[in-house]
Amino acid sequence: MTAWRHTHTAVNVGSQGNPNSGGEWRVYIYPTTMSTSAQALSAKAVQKELNRDFDAAFELHIKAAESFIHLAQTLPDSPAKTNCRTAASKALERAEQIKKVKQDVRPVAADPYSAQEQGYILDRSSLVNGHRFPPWQLDADIRAEGGTDLYRDPDGQPSLAPSDSVRWCRPAAALPSPLSIVDTTLLPADLVQNVVTDCSVVAAISVCLGHQRRFGSMLGLSSLYPQHVTGLPLLASNGKYAVRVFLNGTWRKVVIDDTLPFSPTGQLLGVSTGKKQVLWPPLIEKAYMKLMGGYDFPGSNSGIDLHTLIGWIPEHIHIRSAEFRMEGTWSRIFQGFLKGHCLMTLGTPPVSNGGTSHNLLSAHDYAVSNMEDDGDERYLTFLDPWRGSGSTSESPRTLPNSPGPSSSSLRLTWRDTCVRFDTIHLSWDPSLFSRSFYIHGIWKVAKALPRTGSSVSIISNRARLLIRGGDSREIWILLTRHIVDKHEEPHFISLNTVVHDDSRVAYSVDKPSVHDVYTNSVHVLKRFIPRAEDSAVTLIASLEGAENDIRYTITVLSHVEVTLERKSKRGFYCNTVTGTLTSRTSGGNHTYPTFMTNPQYSLTLRTDATGEVSHANHRAPFCFSVKGTKDVPFNIKLVWSNGQRVTELFEGDVVADTGPYSYGVAYGEQDLKAGQYTLIVSSFEPRQQGTFELALQSLRAFDIELLPMEGAGMYTKTLRDAWYGVMPAGSPSFGKYHSNPLIKLSVPTPMHLMIRMQLLQYSPSVAINLTLCEMSGTDGIGRQVMSSGPYSDAIAGVLIPHTAIAAGDYVLLPSTYTSNIEAGFQILLYSTGGGIETSWLRH
């Protein structure tokens with residue numbers, strides 16, 4: 001906070017309300033950046049108005065009013081707050097006056113990244129599970145000497161069923177003395193999870209305690225108030241505590257009293273510390289349970305819990321996934337763990353892989369207390385604090401023949417750990433990165449859209465980051481869905497990162513891949529290394545299945561300068577096209593013969609464009625995206641083909657694409673010249689079906705038109721057979737050409753034919769040909785009418801183009817270049833007239 005001065009003539013704030021002002025300077029305390037910004041905006045608006053630039057003046061007056069309103073919201077009640085509101089009103093009045101003078105004034109688009117909009121999102125996300133948790137600000141009454149009146153939380157106690165078996169008591173009344181808020185001898189193994197099934201929270205507190213012991217930190221401890229000047233929590237004489245948590249995009253305050261749940265027999269039902277009777281773990285647990293809607297909350301995992309309790313970055317590694325790399329994962333985690341940069345817990349699957357013989361509980365979180373590498377073998381030591389029904393502190397669940405420092409420790413090799421567990425929950429110290437910032441957003445549900453199984457149910461928002469001075473170190477992006485109610489339906493989210501640079505990439509047609517699956521977790525973490533020193537990345541945050549607006553936060557962590565592009569200049573002309581992948585039009589990726597059946601569009605980028613890109617040879621930004629169901633991986637390819645339908649891709653054909661196939665949403669951008677292109681939408685596998693929306697943006701005017709499928713408007717017949725046994729006679733050079741399969745066509749009237757032949761299972765070693773001949777005699781081969789051309793190993797097969805033929809009998813002869821080839825094939829027969837009869841003369 002700082003002081004700054006201005007007079008009445010600056011923004012109509014300075015001397016108002018002061019009867020003795022006489023034009024004197026007044027001093028108010030404002031946040032520096034916001035106050036300077038509001039003052040500058042107001043001054044610019046006045047200048048633009050004097051210059052009769054009413055569009056610019058109108059926009060600046062609106063933005064100045066927004067800045068003053070936001071500033072007033074951040075200030076306590078004071079003359080400064082009142083003056084800011086007055087300044088906002090005057091700016092809005094000037095904007096209204098401009099509208100009267102210029103009725104067609106250009107409307108002002110809302111800036112989703114403005115301080116006002118970002119603050120609005122954080123404020124709306126303060127209401128969680130029926131209680132309001134404001135941004136962190138320590139109250140004066142959160143102190144050790146809080147008076148003689150014991151504080152009772154007006155929100156009541158967190159729910160815990162069955163309520164008739166719970167006694168809420170102050171620790172001083174229910175536990176024997178002496179009680180302490182902190183005990184330096186407390187060990188992770190001292191924590192006991194009793195009746196409450198919040199294993200992930202207890203494991204989170206346990207790894208914080210382990211970090212305290214190993215590195216002298218105050219993880220977890222420093223979240224509890226009141227505090228000593230050293231940062232250690234203190235006992236509050238009035239029983240009022242505040243816990244600082246990171247939730248829904250900012251640090252927030254959870255206020256509790258020190259009443260804790262006990263059983264009728266006097267057992268603490270939540271986490272306890274045994275005979276040491278240390279209070280900070282159960283108080284932290286209670287605050288978290290209040291935040292999550294009660295001790296009976298549905299549960300989470302320790303990564304989610306630690307992100308809330310200490311603000312560390314969660315990373316969830318699924319051991320069963322195809323992307324899991326056992327050696328690389330160990331090396332990365334081990335280095336982070338030894339340096340204190342990483343906390344680790346392990347999760348078992350719903351049915352434990354180890355079985356009861358290993359005493360691993362299913363769907364349970366274990367706190368990792370140590371990692372070892374002696375050169376011959378690697379070990380993890382982890383703790384199980386569970387002492388619930390069927391188990392006591394005297395008979396803990398342990399692995400047989402597993403040595404450890406305490407009765408609740410379990411020790412496994414890294415290889416066995418990867419067999420027995422299915423999830424690794426990591427939490428990384430955000431101070432590993434020198435730079436970070438947040439982007440808050442809203443997935444807005446269009447209420448008018450139908451929510452049926454065939455409609456597009458994905459909502460996606462984009463943000464563009466500019467990277468300066470990229471190096472070989474990773475940039476991390478964390479997407480966090482805001483929590484509203486523990487009873488809300490699970491929502492699936494995804495984060496796609498599309499990295500761009502200024503190089504002209506030659507797009508490859510190698511084997512395609514898939515990424516960016518959806519998860520019902522509240523977090524998605526993406527890690528990437530920029531491809532160039534200066535580049536950009538488009539973030540696509542997606543949500544599936546929501547019926548109401550959902551808020552989210554994106555956290556950007558880096559070692560280099562990363563900034564948010566506030567206003568995109570990449571799309572002046574826009575269009576959205578709806579399409580459908582059906583059993584007939586879903587052809588899969590370009591390695592399938594059916595790729596040619598995918599929806600294809602003729603795209604014409606006109607030469608008339610905005611600004612400096614009007615010349616046809618100048619490149620202009622073009623953005624393209626597709627979204628559909630979360631279960632279908634999508635891709636878009638732009639091909640230079642004069643807007644004609646494409647049957648197969650070759651090196652150099654693709655001028656832009658969306659990269660690896662991405663579930664639900666795919667996005668790409670490229671600077672393109674004016675001209676005609678073909679745009680192809682595809683799923684990864686054939687017959688993956690669903691509705692999609694194709695969205696296009698460009699600085700050039702453009703036209704988009706769906707191309708008809710091959711054979712559209714013609715009669716179609718499909719014939720299937722195979723070369724096998726003595727039938728694969730090969731090409732004429734083998735001397736047995738007429739021994740290949742023969743199909744008789746009886747054409748009743750003159751018409752046009754078009755015929756395609758494809759292998760049922762593509763093989764690059766099989767080259768094929770299809771020839772149409774007149775029929776001679778009963779089964780003879782007469783004069784050749786048309787051929788598909790040279791033998792070809794094209795994925796899409798071979799084609800006899802449009803050919804006019806007279807009525808009569810004809811023979812189709814499919815063949816392979818070499819003999820003794822066994823392979824299945826299909827023939828697609830298109831005709832402008834009906835009534836063609838087909839029969840096999842030899843097959």
Side-chain angles (χ1 to χ4, degrees), residues 142 144-146 150-153 157-158 160 165-199 201-213 218-228 230-243 256-290 295 309 367 369 383-388 391-396 405-409:
I142 304 294
E145 299 80 21
L150 291 177
Y151 174 75
R152 184 171 296 277
D153 190 348
Q157 303 302 334
L160 177 57
S165 62
V166 179
R167 292 192 307 116
W168 291 92
C169 303
R170 304 273 179 179
L175 296 174
S177 299
L179 296 175
S180 61
I181 192 77
V182 178
D183 185 341
T184 57
T185 68
L186 188 66
L187 300 172
D190 292 327
L191 295 181
V192 177
Q193 178 193 353
N194 292 304
V195 176
V196 177
T197 56
D198 60 345
C199 60
V201 180
V202 179
I205 297 174
S206 178
V207 294
C208 286
L209 186 54
H211 196 275
Q212 297 169 24
R213 301 287 300 178
M218 291 191 291
L219 288 184
L221 273 175
S222 59
S223 301
L224 185 62
Y225 291 78
Q227 287 185 355
H228 188 265
T230 61
L232 290 174
L234 297 171
L235 278 171
S237 60
N238 66 347
K240 184 176 183 179
Y241 292 90
V243 177
I256 58 171
D257 59 35
D258 64 354
T259 307
L260 297 174
F262 290 84
S263 71
T265 61
Q267 179 189 16
L268 187 59
L269 298 179
V271 64
S272 66
T273 57
K275 296 180 180 180
K276 292 184 179 179
Q277 298 178 163
V278 182
L279 293 182
W280 76 263
L283 290 175
I284 291 287
E285 178 193 46
K286 180 183 179 180
Y288 190 75
M289 294 301 109
K290 177 180 178 179
Y295 284 86
L309 293 175
S369 61
L383 304 175
D384 178 13
W386 175 245
R387 300 292 184 272
S391 177
T392 67
S393 58
E394 287 76 31
S395 57
S406 74
S407 60
S408 61
S409 295

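Hydrogens, waters and symmetry mates are skipped; everything else that's a heavy atom, side chains included, is used. Quick caveat: nothing in here was measured; it's all calculated off a predicted structure.
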Side-chain contact test, heavy atoms from C-beta onward, threshold under 4.5 Å: evaluate it for [X] versus [Y] and give yes or no.
X	Y	value
Ile181	Leu279	yes
Pro226	Tyr241	yes
Pro176	Gln277	yes
Leu309	Cys208	no
Met289	Val201	yes
Trp280	Leu209	yes
Ile284	Leu224	yes

Could you check whether any side-chain N or O of [X] sits under 3.5 Å from a backbone N or O of [Y], counting only pairs where one atom can act as donor and the other as acceptor?
X	Y	value
Tyr295	Gly270	no
Gln212	Leu219	yes
Ser206	Ala367	no

Which value, rounded to the nearest 0.5 Å, describes the distance between [X] atom [atom1] and [Y] atom [atom2]?
X	Y	atom1	atom2	result
Asn238	Tyr151	CG	OH	9.5 Å
Ile205	Glu285	CD1	CD	6.0 Å
Leu268	Asn194	CG	CG	6.5 Å
Thr265	Arg167	OG1	CZ	8.0 Å
Thr184	Arg213	OG1	CZ	7.0 Å
Leu269	Phe262	CG	CZ	8.5 Å

On a heavy-atom basis, which atom in [X] and which in [Y] lie closest, and how many Å separate them?
X	Y	result
Cys169	Ala174	CB-CB, 3.8 Å
Ile256	Ala287	CG2-CA, 3.9 Å
Gln193	Asp198	NE2-N, 3.4 Å
Asp190	Thr185	OD2-O, 3.9 Å
Ala189	Leu383	N-CD1, 3.9 Å
Val202	Pro385	CG1-CG, 3.5 Å

TODO: Output yes when Asp258 and Arg170 qualify as a salt bridge under the 4.0 Å nitrogen-oxygen rule, no when they do not.
DONE: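 Between Arg170 and Asp258 there is a salt bridge, with a charged N closer than 4.0 Å to a carboxylate O.
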
TODO: Using a strict cut-off of less than 4.0 Å between a Lys/Arg side-chain nitrogen and an Asp/Glu carboxylate oxygen, indicate whether Lys276 and Asp183 qualify as a salt bridge.
DONE: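 The answer is no: the pair does not qualify as a salt bridge.
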
TODO: Let me know which of Lys286, Arg152, Lys290 forms a salt bridge (Lys or Arg N to Asp or Glu O under 4.0 Å) with Asp257.
DONE: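 Only match with Asp257 under salt bridge (Lys or Arg N to Asp or Glu O under 4.0 Å): Lys286.
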
